[in-house]
Chemist: 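Encoded as structure tokens, here's the structure I'll be asking about.
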Amino acid sequence: MLTGLLIKNIKCLVQTEDLPRLKICGSEMSELPFINDAYLYMKNGLISEFGKMKDLQKSKILFQNPEIETIDATGKSVFPSFCDSHTHLVYSGSREMEYIDKIRGLSYEEIAKRGGGILNSAKKLHETSEDELFIQSFNRINEIISLGTGAVEIKSGYGLNLADELKMLRVIRRIKNNSPVEVKATFLGAHAIPEEYKNSRQKYVDLIINEMIPVVASYELADFIDVFCDKGFFTVEDTERILMAGIKYGLTAKIHANELDYSGGIQTGVKYNALSVDHLEFTNDEEISTLIGSETMPTILPASAFFLGMADPPVRKMINAGLPIALASDYNPGSSPTGNMKFIMSLGCIRLRMLPEEVINAVTINTAYAMGISETHGSIAVGKVANVFITKEIPSYEFMPYAFGSNLIDTVILRGKIIN
Ligand code: NIG
Ligand code: FE
């Protein structure tokens, strides 16, 4: 039997739950449960026990295993690993030349219209072998693990034809089979309209529905289906058709909505019971009232609004209306070339005026919900997967989003094992 791993003398054990919740909404987002001067015991890859140091003396752990592997975390805090519920981290190369175009004043849409943007990444991906794509993507995975991420959703969508979409999805599966990080895969064939379908968008939508979805589903390569429902990309009608086809094959909806306009994407997502609607820069009262009472997690991607210099969504208004909020990285080469979830928390505080407690809830339990895994991930609760990180010595949990440029992660533990 594995002896497990004990962390003792934890300055602050953050996001502890006796009765785990699936998501955190509205005013409850500003509450963060924690235990000062704590211990955490992990066994067989799961969280087995936690509590106050003074109670460790009474715990059966020490009696059963006097020589248990122990980390002394004096001065350090422990968080549940970040869950990053929206990424496009399987891609080839990078697009820093478009970054310069942006600095010079071109908009995201203008760059896309000139054959840059998603189509540029699709071309690069087409020219890259599957092995090479895996190596590049796996390096990104290892980078985000070292930055504290323990669960990640990854989308296809730089293939835009059946063969290349399958190539991406197989790379995602290979990551899942070779990394301790929890991975969910999303089929995003409807990410952009390929050049050859520029004047016949319907034909591309038909291809997604009639050819891509059935094959993707037959190989069980995806958990979710996503559509970029926005101005210049896919319409509400296209989105509905694609979602219905995906749902028929057992895929749950997630939508890119309202990044560029009031696209109707939020309403469509709620109508099809999407697990999440993501971006939401263009959100007003109508969208907010549609989301209230739904099962759909509003997910904000503050790094892409920051990177593209766009207006931020009205997050305070959304929380005041009682909505939950999730914050994800959108790690991708065009609008967010980072998967650093600690920086995402800082952007939540600085740009969206969220409190430290709110951003911590938004990158743990609420993103776990947006990946359909909040029963097993996203908090420190007995029986959940032992994905946690130990910080460097920090004065408080508020220090994490505050010190936005410092790497404060000391030790990463996934499935109860020390990773780095
Ligand atoms: O989430 N909005 C669409 N997709 C990505 C951008 C992808 C890209 O530019 O390569 C996003 O921002
Ligand atoms: Fe995205």
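Just so you know, ligand 1 is whichever comes first in the structure, and atom 1 is the first atom listed for that ligand. Predicted model, so just to flag it, every value in this text is computed and none were measured. Nothing fancy with the numbering, it's 1 onward along the sequence.
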Chemist: Once you round to the nearest 0.5 Å, how far does OG of Ser329 lie from NE2 of His86?
Modeler: 8.0 Å
Chemist: Angle at the Fe ion (ligand 2), NE2 of His88 to NE2 of His256, rounded to 10 degrees, please.
Modeler: 100°
Chemist: Restricting to N/O/S atoms, is His279 within less than 2.8 Å of the Fe ion (ligand 2) or not?
Modeler: no
Chemist: Could you tell me whether a side-chain N or O of Ser156 sits under 3.5 Å from a main-chain N or O of Leu188, the two making a donor and an acceptor?
Modeler: yes
Chemist: Can a cation-pi geometry be assigned to Lys23 and Tyr369, taking NZ or CZ under 6.0 Å from the six-membered ring centre and within 45° of the ring axis?
Modeler: yes
Chemist: For Thr367 and Ser85, does a side-chain donor sit closer than 3.5 Å to a side-chain acceptor?
Modeler: no
Chemist: Among the N/O/S atoms of Asp330, which is closest to the Fe ion (ligand 2)? Give the atom name.
Modeler: OD1
Chemist: Sort out for me which residue in Arg316, Glu31, Glu28, Met345 forms a side-chain contact (heavy atoms from CB on, under 4.5 Å) with Glu358.
Modeler: Arg316
Chemist: Collect the protein residues that have a non-hydrogen atom under 4.0 Å from ligand 1 and hand them over in chain and number order.
Modeler: His86, His88, Arg95, Tyr108, Ile118, Tyr158, His191, Phe228, His256, Glu259, His279, Asp330, Asn332, Gly334, Ser335
Chemist: Report the distance from atom CD1 of Ile154 to atom CZ of Arg140, rounding to the nearest 0.5 Å.
Modeler: 10.5 Å
Chemist: Is Asp330 reaching over with its side chain to a backbone N or O of Ser304, donor-acceptor style, under 3.5 angstrom?
Modeler: no
